[in-house]
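Step one of this worksheet: look at the structure below.
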Amino acid sequence: MADKNTHDSTNGTAAGSGDGPPVTETDGGTVTQAAQDHRDTNYLDREVNILKPSTPFMREHLKVVWTGFLAWFLIVFGPPTATFLAPDTLSVGMPVLGFPLHYFLIAIGGPTGALLLAFWYSRKRDALDRKYGIHHADEPETTGSEDVAAADGGVDR
Amino acid sequence: MSGLAAVLLQSGLLPEGLNVSFKLLPAIMVVAMLLLFLAIGYVFKVADTEGMWVAGRSIGNVENGMAIGSNWMSAASYLGMAALIATAGVYGLAFVVGWTTGYFILLIFLAAQLRRFGKYTAPDFVGDRFNSDSARAIAAVTTFLIGFVYAIGQARGMGLVGLYIFGDLGVAGFSGYQVMVILMMAVTVGYLTLSGMLGATKNQAVQYVIIIAAFLVGVTVVGWVNGYSTVIPQLEYGMLISELSAEFSEPFQSFDSYYLWIATCFSLIVGTCGLPHVLVRFYTVESERTARWSTVWGLFFICLLYWSAPAMAAFGTDLYSQQVGDVFGDPGMTSAAADVIVVLAAQLSGLPSWLVGLVAAGGIAAAIATVAGLFIAGSSAISHDLYANIINEDATQRQQILVGRLSIVALGVLTTLAALDPAAPIAALVSYAFSLAGAVLFPMFFLGMWWENTNRQGALAGMSTGLILWMVPMVNEVVPAYGFFGGETVLPALATWMPAIGSALVVTPIVFVVTIVVSLVTADPPTHTKRMVRQCHSPEPMGQQQTAEDVVTDGGEPTEDD
């Protein structure tokens, strides 16, 4: 598979990360500890409870989810609440753009923040999939570079 | 409807300042656009239910993102939001924030899991997850109701914009606005009954391009010719704000206005995550990864409009106050004029009529695209969930599609009738549907997906609670506004704390608690159901046509990862 090639070349080019090659080699080149855990898990036997994640994958996934949720909560409800608590401080004009600060934070900060968070989450989730050795049928053509990232993820463990 | 009654009912629906007359070039553009929609719908017309409801699960990232975008960007986003920003100031921004940031919650909590569940409709999920035809029926009725309430706002938008393009056609007994509503709805229903979901999805990608191009061209040109901005009106309108009346941007003056902002924003967020026509978009994609990335694309496409709408509102407010009259205060701008402020801004800038027509056509495309999504969701609830699953379990595909088409027609007729005399501005009308979706469907999807012990009794209790509580502010405020009952809000105190426009802030947490408590005191759901939920969260890839239930029923062995 392509994995093998990209992996070797990664080890070659990223020779600086000394402990890389041995770890990945002993794992058979493509299987990290996380991926092994994933293979050993029968997900149909593990409880689904958002407050009590029962598999390593879900634990890591929920960590990302809750981090994102917290950031989202601040972006959405932070500016209006601050505006209510300190209307005078927040309605000062911004330099260059001219917006009252509260208006900018709500009208532009909210949508933009959510968009950046959505992008961040999807990247994180893809990285998580790679770490656990999960491949979706519709991976984009850039598989090569993504596998490099996967191998790096393996090295980090 | 008698002529006199019609005149009385629609007296408030002539937007002042709008040039109501027949205009040849814009008319040709709109007719050509409508014919294009019909043609695309015809080319992609369907004969099977798979194509009708989920487009054969064939839709990719960007295409689904565009469909999410145009499905989403209704007349409420295109016209109604700018209207509220122009007339209600910072309160209007609750719509900008609620209608965009909700997608992040949808993405992290529901999108991929929904794709893995992989059925056809939102009520399908509720019925299969909670093993209950009653739950399925409640969800189906809710879906139908959402489609109806939501589409009233769209029909109002189409009617008002149609007035600019075609003028007052003067059919006996009807006002020009009413004729437009009837005409536009007839076209929408016509192409929908032909094409189903595949045609609607193909159309929505085209509609997205029209919507966004029209709006971006509109806002850029309006900003340019009036000297407000150069190339990034989305950021440059900031300089204009200090010159507008203080009402446009003043921060919250009281706790009431802050509370209403939060309540509205919260309702729009949970509504986004519970709207059947939004949820069903995740059933149409190839895989769960596509479900995630198409959400990111969709949100980006949506943001393009939502960054621009406040700019258009600011331009429109300034132009209106210079050329027509005061925007704020008494009498101020009427809700009808505000609802076309986007078109008005282009017209008051003295742009050529074809360019104003383009902006107007974008509004019509936005309304049609959303009505398409809503009616598909509503009709599939009736045909697939009520008819084929409960009433006639041996229904053939032909019968199902027939019932589906009939229910699209029924929805169209109901919506048209209600839109002849709408009780509120577009954005407000639409937000009632959001409160409903957030109160009844969102808790079922969230708990159903994320807590495997949610059971049938909990779901039934929660959904009934949600429906009943949603109706309280509707009866309290909205129904009286239709004019048969004196027009007064029954209990003003209740309206302050549980406004119809943001009732989900109160109702949704209650529904969560009811569902959880009832689930805890009754028996756990069967193992088969729990395994289905677990399959929705398993990271193992699934086949394109596979559903969680298939995998669980096939013996529970996850598909082997290569």
Side-chain angles (χ1 to χ4, degrees), chain A residues 1 38-39 41-51 55 57-58 61 64-65 68-69 72 75-77 80-81 83-84 87-88 90-91 93-94 96-100 102-104 106-108 110-115 117-119 121-122 125-126 128-129 132-139, chain B residues 60 90 93 96-97 100-101 103-105 107-109 112 234-235 238-242 249-253 255 258 261-262 265 269 286-290 292-293 295-296 299-300 302-303 306-307 310 449-453 530-531 533-541 544 552 556 558 561-562:
Chain A
M1 266 184 75
H38 165 68
R39 289 190 182 180
T41 305
N42 184 351
Y43 289 91
L44 294 184
D45 291 339
R46 301 299 190 91
E47 187 189 3
V48 172
N49 181 333
I50 194 167
L51 301 176
T55 62
F57 183 87
M58 194 182 265
H61 182 207
V64 178
V65 167
F69 181 78
W72 171 90
I75 288 171
V76 173
F77 296 109
T81 307
T83 307
F84 171 65
D88 297 330
L90 262 118
S91 54
M94 291 169 70
V96 187
L97 290 177
F99 283 96
H102 72 286
Y103 202 93
F104 183 83
I106 297 173
I108 306 219
T112 313
L115 177 62
L117 274 178
F119 184 75
Y121 167 79
S122 294
R125 177 61 208 253
D126 277 357
L128 205 57
D129 278 0
Y132 281 79
I134 296 156
H135 291 277
H136 291 287
D138 62 324
E139 293 285 350
Chain B
V90 170
L93 298 180
V96 176
V97 176
T100 49
T101 57
Y103 267 90
F104 181 67
I105 299 302
L107 169 68
I108 59 175
F109 288 120
Q234 292 82 354
L235 286 175
M239 307 294 282
L240 177 67
I241 291 181
S242 57
S249 67
E250 69 184 354
F252 304 113
Q253 298 298 308
F255 182 75
Y258 169 70
W261 196 100
I262 299 288
C265 190
I269 288 165
E286 298 152 348
S287 75
E288 54 181 299
R289 189 170 180 275
T290 316
R292 285 196 295 273
W293 279 105
T295 312
V296 182
L299 183 53
F300 171 69
I302 291 165
C303 279
Y306 281 59
W307 286 319
M449 278 295 184
W450 282 100
W451 185 43
E452 64 178 30
N453 289 334
K530 290 187 176 188
R531 288 166 72 90
V533 178
R534 292 166 190 169
Q535 174 60 21
C536 290
H537 285 275
S538 157
E540 298 283 1
Q544 190 172 338
V552 173
D561 182 17
D562 55 356

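A, B, ... follow the sequence lines: proteins, then strands. Residue 1 opens every chain.
Looking at A:P100, only its side chain comes within 4.5 Å of chain B, counting heavy atoms on both sides. For B:S242, no part lies near chain A; criterion is any non-hydrogen pair under 4.5 Å. Neither the backbone nor the side chain of B:Q253 comes within less than 4.5 Å of any heavy atom of chain A. When heavy atoms are compared at a cutoff of 4.5 Å, B:L240 does not approach chain A at all. Proximity to chain B is limited to the side chain of A:F57, based on heavy atoms less than 4.5 angstrom apart. For chain A, the nearby part of B:I241 is the side chain; its heavy atoms alone come within less than 4.5 Å. Heavy atoms of A:F84 lying under 4.5 Å from chain B belong to its backbone as well as its side chain.
Side-chain atoms of B:E452 come within 3.5 Å of backbone N or O of A:V48 as a donor-acceptor pair.
A heavy-atom distance below 4.5 Å is found between the side chains of A:Y121 and A:V65. Put simply, the side chain of A:R125 reaches to within 4.5 Å of the side chain of B:E288, judged on heavy atoms.
In terms of heavy-atom pairs under 4.5 angstrom with chain A, the leader among B:V97, B:V90, B:L299 is B:L299. Ranked by heavy-atom pairs shorter than 4.5 Å toward chain A, the options B:F252, B:Y306, B:F255 are led by B:F252. Each of B:W451, B:F109, B:Y258 has some count of heavy-atom pairs under 4.5 Å with chain A, and the biggest count is that of B:Y258. Between chain B and the residues A:G113, A:S122, A:P87, A:G68, the largest count of heavy-atom pairs under 4.5 Å involves A:S122. Between chain A and the residues B:L93, B:I269, B:T295, B:L235, the most heavy-atom pairs under 4.5 angstrom are made by B:L93. Residue with the most contacts toward chain A among B:I302, B:N453, B:I262: B:I262 (heavy-atom pairs, distance under 4.5 Å).
In this pair, A:Y103 and A:F99 present their aromatic rings parallel. The plane angle is below 30°, not in the 30 to 60° band.
With sequence neighbours excluded, the residues satisfying side-chain contact (heavy atoms from CB on, under 4.5 Å) with A:T112 are A:I108, A:L116, B:W307. Partners of B:F300 under the ring pair (Phe, Tyr, Trp, His ring centres under 6.0 Å) rule, at least two apart in sequence or in another chain, do not exist in this structure.
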